[in-house]
Structures are given as C-alpha cells and as structure tokens.
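Single-structure report; data block below.
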Amino acid sequence: MTEQELIRREALAKLRELGVDPYPAATFEVTAMAADIVANYQEEILEDGTKNRLNFQEVALAGRVMASREAGKALFMNLQDSSGRIQLYLRKEEINGGKEDSPMFDAVVKKLLDLGDFIGVKGFAFKTKTGEVSVHVQEFTFLSKSLRPLPIVKRDADGNIFDAFTDPEARYRMRYVDLTVNPSFREIFIKRSKLIKTMRSYLDDLGLLEVETPVLQPIHGGAAARPFVTHHNTLDTTLYLRIANELYLKRLIVGGFDGVYEFAKMFRNEGMDRTHNPEFTALEFYVAYKDYHWMMDVTEQMLEKVARALHPDGASTAEFDGQVLNFAGPYRRLTMYEAISEYTGLDVETATEADLRAYCKREHIEIDATMGKAKLIDEIFGEKVEANLIQPTFLIDYPVEMSPLTKVHRSKPGLVERFELFVNGKEVANAYSELNDPLDQRARFEEQLQLAARGDEEAMALDEDFLRALEYGMPPTAGIGFGIDRLCMLFTGQASIQEVLFFPQMRPEK
RNA sequence: GAUCUCGUAGCUCAGUCGGUAGAGCACUUGACUUUUAAUCAAGGAGUCAUGGGUUCGAGUCCCAUCGAGAUCACCA
C-alpha cells in the first residue's frame, strides 16, 4: 500500500474513534445542485449598502470534495456533484456548533477529510468578496471516505490544465476515476444517452414496437462474422453470442408486427482497433410494406433530429476532425457503379472481371484469385471511393453476390435494393428492401454454403427455421441497421470507439 | 497478425556520455477568519512494467515477456 493510502486508512480509524461514521446508512436529502446554484443565485444591494440574498438560502448538497484551501479558522472547499462544482465556505465556530472542545473543525474537517471524500452539507448561498457564488456551510456530514488519492486535475484562471489524467490505459481500466476527474469525457456519455433517447423517441413516434430478441442463438445468422461460442449445460448444446439480430426481427414481421426495433449489443470475435470493439451496439429496425427508398427518407429525418438534439445550438451539423458534417436531408444518393465511375473513371457495368483485375494490379489494390467480379468491385470501392464520402451519402444498388438477405433490384438485373450510409468516409448504416422470397432466400443461403465450403470463414450460415418463417410469408419490408458506437463517435468528435464506450474491452491486468 | 512508439512517486513529466532517483501538483507537520492552480515554512514518499544479459557499475545499452497507443493487415 502506498504512503497516502495508509494515511487514509489511519484517518478512517480516527474518524471512528471520534464517533464519526465514515459510511453512514441514512439517506441524505439533497435539495440543490451545484450548477443550479452557481447559475441562478441572486442577490440585491439595498439602499443602505447591505446585501439581500434572494434565493438558495436553505440548501443541502452532496458530493465529492475536489479541492480544499485552508485559511486559519476558515476553510474553502470545492464540492463536485453530478451537475458540476461549487465552492463551500466553512468556519470553525459554526462547524464546531459553538462548542470549544469540539473536534469537528480542526480534527475532522481539516485533518481527516481528504480530497475525494463524499460529504453532505447544509447552508446558504452567498457571494464571496471575490464574487464567487458559494455555499456557507452550517452543517457538515461525512457520507463516504475515499481510501485512494484521486488524480485531481487542476485548472488555473486562464483555463490552463495541470496534471490532466490522460493515460488512456488508466482511463479505460478505471473509468470511474476518469469520469470523476475529467468532466469533458462525461459529456460524451451524456450525448450518447441523448442520441439513443432521440432515436428511440423518433421510432416510437413512427409507431414501431421496441422488442428484445435472443443474445444466445443456436445459429449465428444475419451477418458474416466470427462468433463467440459458448455452451449451455442443461441443454448440452453449443450456443453463439449473436453477431446480428436481423433474422429474429424479421420473424417478428412474419408474426404480424408492422414495425419493430431493437437497440442490441452484438458480439463479434474479431480484431480490435479504434473502430472495432468485440461487443458493440446496433440499432436495427424493420417496417412492413416499405422499401429502401422510404428507409432513406426516414434515415435522413432521424439523423437530422439526432444532430439537432446533440448540437448545443440545435443546428443540424456536427464537427468532426475539422469537417462540418451536415445531417439535414436530402443526402446525396449515388449508385455503387456511379460512385466508382466518378472516383476512378471505371465503367464497372461493362467491365469484365479481367478488366477489373488489371485495374487493381495497376492501382496496387490487393486481391486474390478467388475474388469474383462483385468482390473486386467491393475492393475498388473500399480503396478508391469510401474515404471520399464525407458528407452523409447513400450508396445504393449493390451487386447481388455481396448481399444474401437483400431483395433483387426491381429493374436492374444483377443488383439488389440495398443502401449503405457513409459519413466521414465510414459506413454508419446498412439497409435493404428485405428479401422475402423464400425460394430465392434458400438459393442465396446455398451460395453462401458453397463459399463456406471453399474456405470463406465469414460466409453466412443457413437458418432452416428462418426459411420456414419466410415460407409462411413475410410482407415486403424495409430494414436497416445503424452502428450506434460509430454514430456516437461522429456526433462527439471522437476518433476512437473506446472513447464512446464506458468499458472498452482491455486485456486482463497483470 | 506485422511494424513503430511508450511504461520512472497517487497524477503529469524530466532524467545529459552508463557513475548515489528529480520537479510541480498531491501527501505529512506547522502558520493563516473571504481563499480559489491559495500562500508561506519544513518534511516524507520509488521493486525506474517484469525477467534475463553486457558491464567494475544499468532508469539509461542488448534480449525476452507483459501492458498500452499509433499505423498497416484482417473485419459487413
């Protein structure tokens, strides 16, 4: 144990000796928040020059002590609650309750109270002679003793920051410390909550039903990714943590719900980097009797609402890496073929597989012999186009081979009715006119099985029960999935997914 | 998975050519009845990520391991 930790444990023991419970059980009734007092305290100066305090004259606050400045028989502290910080002013005679021999001020407050401890105070708001709104404490209660020193960040009058707690490893492993001492990171998570709340309320207004579907699945369908595998003892069977919930949500459309949505944790047993975490959050929703054109309109409306809800001035924009992204619709709609033509000059519609291979070779795009035309197109898109799609852009009409759950295009042979939304060069949503032809769906699954047989680890598994559901009949349906973490990154200006997850995956300590 | 960078006090960091481990904040003791990065005085605090090697001598050089970050690869 470090010296400072030992000192705190001794302080804990001494508090108990003095009859102060460091961890009391009783409710402490909080009646005011720090930020509210600081923002709204009012006083007036009367004609005779005396001050008249107008509000917050009986307040009770609770929080952590984040700074302490002794001044003889008085003491200033900064108290931090969930709303922010406020200065406290304590005087010996009041804290001691007028009793000469009381240990409360000299022993308890000045010696045994440490930075990071939780306290409750009662008193009245006032302005110090330097003009800072503060609370004059008349009653003081210990609420919880902290046994480890917090890496408290200091800030001077000009806003310069000292000793910022910045080590990413320590911040992610001890998010509780990060959140306590780094208020700017708190804001990211508040925005995340607001983003989800805005989406949920938009979908509720559309009349969709929020549902829950299994995380433990016997067949990991709906996407192409390596799953986490687990085992159920009673059933003695292998189960997978879901890589997607798409096939379950569609079963609910089959069952007669016209619109369903789920905010769902997904699990993919793949690499980690600044845009991938093994578990991440998706929003998926499916609406009967709609197509992907309708879904593009809805996406524009929803994201504009989100942008305005998160922007401090209610604007439809977000700033990322110096770029101003505008989420007000309509977004640019570009077919896959148009996009490639625009950024490479290639006409992929008429090009042969050999033409595309030659192009990739010339442009040093890595390919292998097993790739068909569709896969080559996808590679070229990824290398040459994707990074250019900064403002929200719908990329539409993909080759059928890459989209086993998507309905074939109503007029363009070889393509499917699919779009992906790109923002800042990254995919943030993926949507289809859902494939509801059960025979076509079976054929597509079988193609995937052939890919798997050829060694494609990410080919989609065949789900007999899902096919049975489609055979009973699914109405025409539009569906979409959003990467919530990546949206959060965009709206909070964060380059790393770890900054928008409370507890990003880390290697075990030690 | 590959490459690069990093790991020193609770936090942020310095540490020269290989020669007794440093600073600020935090902490301890004392002073101070409106301070605010409070101030002033004194003091304590370290398995230099871990293990090995080279050397008379390693925080420093070499190797391995662990952890983190970045870039790349992979990845709906």
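In what follows, chains are A, B, ... by sequence order, proteins preceding strands, each numbered from 1.
- Within the structure, a side-chain polar atom (N or O) of Arg507(A) is placed less than 4.0 Å from OP1 or OP2 of rA68(B).
- On a pure distance criterion of 3.5 Å, no polar donor-acceptor pair joins the side chain of Glu169(A) and the base of rG67(B).
- A donor-acceptor contact under 3.5 Å is not formed by the side chain of Glu132(A) with the base of rU34(B).
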Please tabulate the protein-to-nucleotide N/O contacts below 3.5 Å involving nucleotides 37-40 of chain B, giving atom names and distances.
unit_1	atom_1	unit_2	atom_2	d
rA37(B)	O4'	Arg155(A)	O	3.3
rA37(B)	O3'	Lys154(A)	NZ	3.4
rA38(B)	OP1	Lys154(A)	NZ	2.6
rA38(B)	OP2	Arg69(A)	NH1	3.3
rA38(B)	N7	Glu70(A)	O	3.4
rA38(B)	N6	Glu70(A)	O	2.4

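- Nucleic acid contact class of Arg486(A) (heavy atoms, under 4.0 Å, all strands): none.
- For Asp163(A) and rG24(B), a side-chain-to-base donor-acceptor distance below 3.5 Å is present, hydrogens and geometry of angles not being considered.
- Within the 4.0 angstrom heavy-atom criterion, only backbone atoms of the sugar-phosphate kind lie near Arg268(A); the bases stay farther away.
- Within 4.0 Å (heavy atoms only), Lys111(A) reaches sugar-phosphate atoms of the nucleic acid but no base atom.
- The shortest distance between the side-chain N/O atoms of Lys110(A) and the OP1/OP2 oxygens of rU29(B) is not below 4.0 Å.
- Below 30°, between 30° and 60°, or above 60°: for His409(A) and Tyr292(A) the angle between ring planes is above 60°, a perpendicular geometry.
- Base engagement by Tyr432(A) is indicated by at least one non-hydrogen atom pair under 4.0 Å involving a base atom.
- Relative to the six-membered ring of Phe185(A), Arg171(A) meets both conditions, a distance below 6.0 Å and an angle of at most 45° to the axis.
- Between Phe285(A) and Phe482(A), the angle of the ring planes stays under 30°, which puts this pair in the parallel group of the 30/60° scheme.
- For the pair His276(A) and Ser496(A), both in contact range of RNA chain B, the more 5′-proximal nearest nucleotide belongs to Ser496(A).
- The two residues Lys384(A) and Tyr343(A) have their closest heavy-atom pair at O-CB, 3.8 Å.
- With the 3.5 Å cutoff on both pairing distances, Watson-Crick and G-U pairs in RNA chain B assemble into runs of at least 3 at B:1-7 with B:66-72, B:10-13 with B:22-25, B:27-31 with B:39-43, B:49-53 with B:61-65.
- In this structure, Arg442(A) is not positioned above the aromatic face of Phe445(A) in the sense of NZ or CZ being under 6.0 Å from the six-membered ring centre and within 45° of the axis.
- Between Arg91(A) and rU33(B) there is no side-chain N or O to OP1 or OP2 distance below 4.0 Å.
- Across all strands shown, Met506(A) has heavy atoms under 4.0 Å from sugar-phosphate atoms exclusively, and none from any base.
- Among the atoms of the strands shown, none is found under 4.0 Å from any heavy atom of Phe280(A).
- Side-chain N/O atoms of Arg8(A) include none lying less than 4.0 angstrom from OP1 or OP2 on rC27(B).
- Residue contacts for Thr2(A): at a heavy-atom cut-off of 4.0 Å it reaches the sugar-phosphate backbone alone, with no base atom in range.
- With Arg242(A) as reference, Glu262(A) is the one residue of Glu262(A), Glu284(A), Glu279(A) to meet the salt bridge (Lys or Arg N to Asp or Glu O under 4.0 Å) rule.
- In this structure a side-chain-to-backbone donor-acceptor pair under 3.5 Å is missing from Asp158(A) to Asn160(A).
- Nearest nucleotide to the side chain of Phe165(A), out of rU35(B), rA26(B), rU12(B): rU12(B).
- Positionally, the nearest nucleotide of RNA chain B for Thr166(A) lies more toward the 5' end than for the other of Thr166(A) and Glu246(A).
- Not a single donor-acceptor pair, N or O on each side, falls under 3.5 Å between the base of rA76(B) and the side chain of Glu427(A).
- Phe126(A) CZ to Glu132(A) CD: the interatomic distance, rounded to the nearest 0.5 Å, is 9.0 Å.
- Residue Gln498(A) is classed as a sugar-phosphate contact, given heavy-atom separations below 4.0 Å to backbone atoms only.
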